[in-house]
Amino acid sequence: MSPLNAGDKAPLFSLPDQDGESISLADYAGQRVLVYFYPKAMTPGCTVQACGLRDNMDELKQFNVEVLGISTDKPEKLSRFAEKELLNFTLLSDEDHAVAQAFGVWGEKQFMGKTYDGIHRISFLIGTDGKVEHVFDKFKTSDHDQVVLEYLKTHS
């Protein structure tokens, strides 16, 4: 697994959102987009991470940042997750993990003694030029939103 780096061109993609509508990264051309990959909707860590972003959406919008959350969950599960947690951003379904692979976040993981392939919890801030502006890979689910906002406050 080797995630994209700052300066790399972000792979263009189209994926179904929580309502089954096709959303493309190209839809956000000229905007900053936080593309955050998370392992599984409705799990404790992923819920804490999503709610942190939800609660700071107004501040993220002040920096003109849109948020796209990507997991391998089906759109129906994403819809339930968004409704249950009142999420105010788009969730995308990458069931075949092709987009996760393109961003370099699909790879071997270990959990409770088992080894398997899955999404690694890494976020990418895509700049207005379509390139990766910053990679967030050192954070806890509980402070992801704060790590992102601290970066935005010092790089805007």
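Atoms considered below: every heavy atom in the structure, side chains included; atoms not considered: hydrogens, waters and symmetry mates.
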Return yes when atom CG of D58 has more than 12 non-hydrogen atoms of other residues, nucleotides or ligands closer than 6.0 Å, and no otherwise. no
Kindly determine whether Q18 and R80 satisfy side chain to side chain contact (heavy atoms under 4.5 Å, CB included), including the steps that lead there. CA-CA 8 Å; Q18 67 264 32; R80 289 194 308 274; over 6 Å; no
Under a 4.5 Å cut-off applied to non-hydrogen side-chain atoms, are C46 and S71 in contact? no
Do other residues, nucleotides or ligands put more than 12 heavy atoms under 6.0 Å from the NZ atom of K40? no
Would you check if T128 and E133 make a side-chain contact, meaning some heavy-atom pair closer than 4.5 Å? no
Beyond-backbone contact of F103 with I70, side-chain heavy atoms, under 4.5 angstrom: no
What distance do T47 atom OG1 and R54 atom CZ have between them, rounded to the nearest 0.5 Å? 10.0 Å
Are side-chain heavy atoms of L15 and V99 found at a separation under 4.5 Å? yes
What's the spacing between S93 OG and D73 CG if we round to 0.5 Å? 7.0 Å
Please determine whether side chain to side chain contact (heavy atoms under 4.5 Å, CB included) holds for the pair Y28 and L68, giving the CA-CA distance in whole Å, both sets of side-chain angles, and the decisive distance to 0.1 Å. CA-CA 10 Å; Y28 299 93; L68 298 175; 3.6 Å; yes
Show which residues join F81 in its hydrophobic cluster (side-chain heavy-atom contacts under 4.5 Å, direct or indirect), or state none. L34, Y36, Y38, M42, L53, M57, L60, F63, V65, V67, L78, L87, F89, L91, L125, F136, F139, V147, V148, L149, Y151, L152
Can you establish whether the number of heavy atoms outside K109 located under 6.0 Å from its atom NZ is more than 12? yes
Which atom of E85 lies closest to which atom of C51, heavy atoms considered: OE1-SG, 3.6 Å
Would you tabulate the side-chain donor-acceptor contacts of residues 117-124 under 3.5 Å, counting partners in other chains and residues two or more places apart, or write 'none'?
residue : atom : partner : partner atom : Å
H120    : NE2  : E108    : O            : 3.0
R121    : NH1  : Q49     : OE1          : 2.6
S123    : OG   : H144    : NE2          : 2.7

Separation between CG (L12) and CD1 (I126), nearest 0.5 Å, reads 10.0 Å
Under a 3.5 Å distance rule, please check whether D17 uses its side chain to pair with a backbone N or O of T90 as donor and acceptor. no
Is atom NZ of K84 surrounded by more than 12 heavy atoms (other residues, nucleotides or ligands) closer than 6.0 Å? no
Report the C-alpha separation of D145 and D55 in whole Å, then their side-chain angles, then the decisive distance to 0.1 Å, and conclude whether the side chain to side chain contact (heavy atoms under 4.5 Å, CB included) test is met. CA-CA 9 Å; D145 53 292; D55 294 346; over 6 Å; no
When every non-hydrogen atom of P75 is compared with those of E95, the smallest separation belongs to CD-OE2, 3.9 Å
Going by an N to O cut-off under 4.0 Å, is there a salt bridge joining E66 and R32? no
